[in-house]
Structure formats: structure tokens, C-alpha cells
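All values reported here derive from a predicted model rather than from experimental measurement.
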Amino acid sequence: MTTGTRMTWVLDACGWATCTIEDHQAKAELSASYITNAPEDLLTAVARLFYGEAETRAQFEAEPTAYRWIFQRQADDVRVRLLELRHGRDHDNDGTEIWSGRLGIDALARAVIRCFDEVDRTYGESGYQGEWGDHFPRSELEALRRLWRAHRPGDA
């Protein structure tokens with residue numbers, strides 16, 4: 001199982017962000033454009049795992065490249081695959097896997113929550129909106145945090 005997973009979300013330019021996911025074995029860096037709800041989709045995909053969904057997905061558009069997150073849950077473990085696709089409409093089989101790992105659902109949620117908590121500390125809600133072009137995903141972040149805490153007591 002992958003340990004020490006860390007995720008970051010850095011606003012690069014108006015409407016663009018770089019998301020990094022890394023562990024002790026590998027690191028992947030991907031771009032996201034504001035043309036889709038990338039942060040909300042990622043937070044929601046992880047939250048849906050707590051509701052018992054076996055597979056969830058999120059996609060970041062980088063115009064025309066796309067990055068697809070695939071989360072597959074088995075008990076309390078989640079297999080994460082991150083694919084780079086030439087176009088967002090491409091099938092998974094046409095993508096290149098740029099990162100993968102197996103994490104406990106707690107570790108995955110903690111990494112995503114910490115990532116967006118750091119975004120909030122760095123930019124604040126108004127700074128985030130000014131750089132990203134849309135609101136900070138507060139409701140999605142807090143929904144994931146509530147589910148995570150209900151699953152495993154403690155603070156993120």
C-alpha cells in the first residue's frame with residue numbers, strides 16, 4: 001500500500017492550476033483549467049467512495065489534454081489511477097497511466113483535505129476566486145471532511 005501520499009494544488013495563472021500527487025515511489029504533475037469544475041469533481045469523487053461507491057472518477061481538462069482520476073474502492077483500500085489523455089473524450093485505454101497507488105480511504109481523504117486546506121490558507125476564498133475564476137469549493141471540501149470524520153474520528 002502506498003504511504004506518505006501528498007497532493008498540492010497551485011494556482012499558476014488566471015484559470016489555470018497545477019496539481020501534484022506524490023508518494024515515496026513516484027510523482028505526477030498535471031494541469032487543470034477552470035473550464036470544468038476540476039476541484040469540485042475531485043472532492044466529490046473521493047466523498048462518493050465513503051457512500052460505498054466501488055468506482056468514482058474525476059477529470060481535469062488542460063485543453064486539449066485531459067487527466068482522468070479513477071478511484072476503485074475495495075473495503076477500506078482505494079486503488080488510484082491517474083491517466084493522461086490526448087483529448088477528454090478519449091477512452092481509458094487510450095490514456096497513459098502517469099501515477100498509480102493503493103491507499104487506505106482515510107489516507108486518500110486526508111491527502112485531498114490537506115491539499116485544499118492549504119489552498120485556502122495560501123489564497124483565501126477571494127484570492128482563489130480571483131486567480132481561478134470561480135468560487136473556492138468550500139461545500140465540497142466540508143462535505144468530504146464530515147464524511148471522513150464520521151468514518152474515522154479525528155481532525156484533518
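One N or O on the side chain of H91 and one on the backbone of N93 form a donor-acceptor pair closer than 3.5 Å.
Not counting sequence neighbours, the partners of R68 by the side chain to side chain donor-acceptor pair (under 3.5 Å) test are Q59, D92. Here E55 pairs with R57, Q72 under the side chain to side chain donor-acceptor pair (under 3.5 Å) rule; sequence neighbours left out. Partners of T20 under the side-chain contact (heavy atoms from CB on, under 4.5 Å) rule, at least two apart in sequence or in another chain, are T8, T18, E22, K27, E29. Residues passing the side-chain contact (heavy atoms from CB on, under 4.5 Å) test with C115 are M7, W9, sequence neighbours excluded. Under the side chain to side chain donor-acceptor pair (under 3.5 Å) criterion, D90 pairs with no residue at all, not counting sequence neighbours. In this view, T65 satisfies the side chain to side chain donor-acceptor pair (under 3.5 Å) rule with no residue, not counting sequence neighbours. The side-chain contact (heavy atoms from CB on, under 4.5 Å) search around A143 returns R146, not counting sequence neighbours.
Here W69 contributes atom CH2 and L83 contributes atom CG; the two are 11.0 Å apart, rounded to the nearest 0.5 Å. To the nearest 0.5 Å, atoms CG (D12) and CH2 (W132) are separated by 9.5 Å. The CG atom of L49 sits 11.0 Å away from the CG atom of D76 when rounded to the nearest 0.5 Å. In this structure, CH2 on W99 lies 12.5 Å from CZ on R81, to the nearest 0.5 angstrom. Separation of atoms CG (L30) and CD (E84) is listed at 8.5 Å; rounding is to 0.5 Å.
Side-chain contact between F50 and L144 is present, with at least one heavy-atom pair separated by less than 4.5 Å. The side-chain heavy atoms of V46 and T56, taken from C-beta on, include no pair separated by under 4.5 Å.
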Show me, pair by pair, the donor-acceptor contacts under 3.5 angstrom made by side chains of residues 118-128, not counting sequence neighbours?
from: E118; atom 1: OE1; to: R121; atom 2: NE; distance (Å): 3.3
from: E118; atom 1: OE1; to: R121; atom 2: NH2; distance (Å): 3.0
from: E118; atom 1: OE2; to: T122; atom 2: OG1; distance (Å): 3.2
from: D120; atom 1: OD1; to: R138; atom 2: NH2; distance (Å): 3.2
from: D120; atom 1: OD2; to: R138; atom 2: NH2; distance (Å): 2.6
from: T122; atom 1: OG1; to: E118; atom 2: O; distance (Å): 2.8
from: Y123; atom 1: OH; to: L11; atom 2: N; distance (Å): 3.0
from: E125; atom 1: OE2; to: R138; atom 2: NE; distance (Å): 2.9
from: E125; atom 1: OE2; to: R138; atom 2: NH2; distance (Å): 2.9

Under 3.5 Å, which donor-acceptor pairs do the side chains of residues 31-45 form with other protein atoms, sequence neighbours left out?
from: S33; atom 1: OG; to: I35; atom 2: N; distance (Å): 3.3
from: S33; atom 1: OG; to: E63; atom 2: OE2; distance (Å): 2.5
from: T44; atom 1: OG1; to: E40; atom 2: O; distance (Å): 2.8

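A continuous path of hydrophobic side-chain contacts links F60 to L82 [ILVMFWY only; heavy atoms under 4.5 Å].
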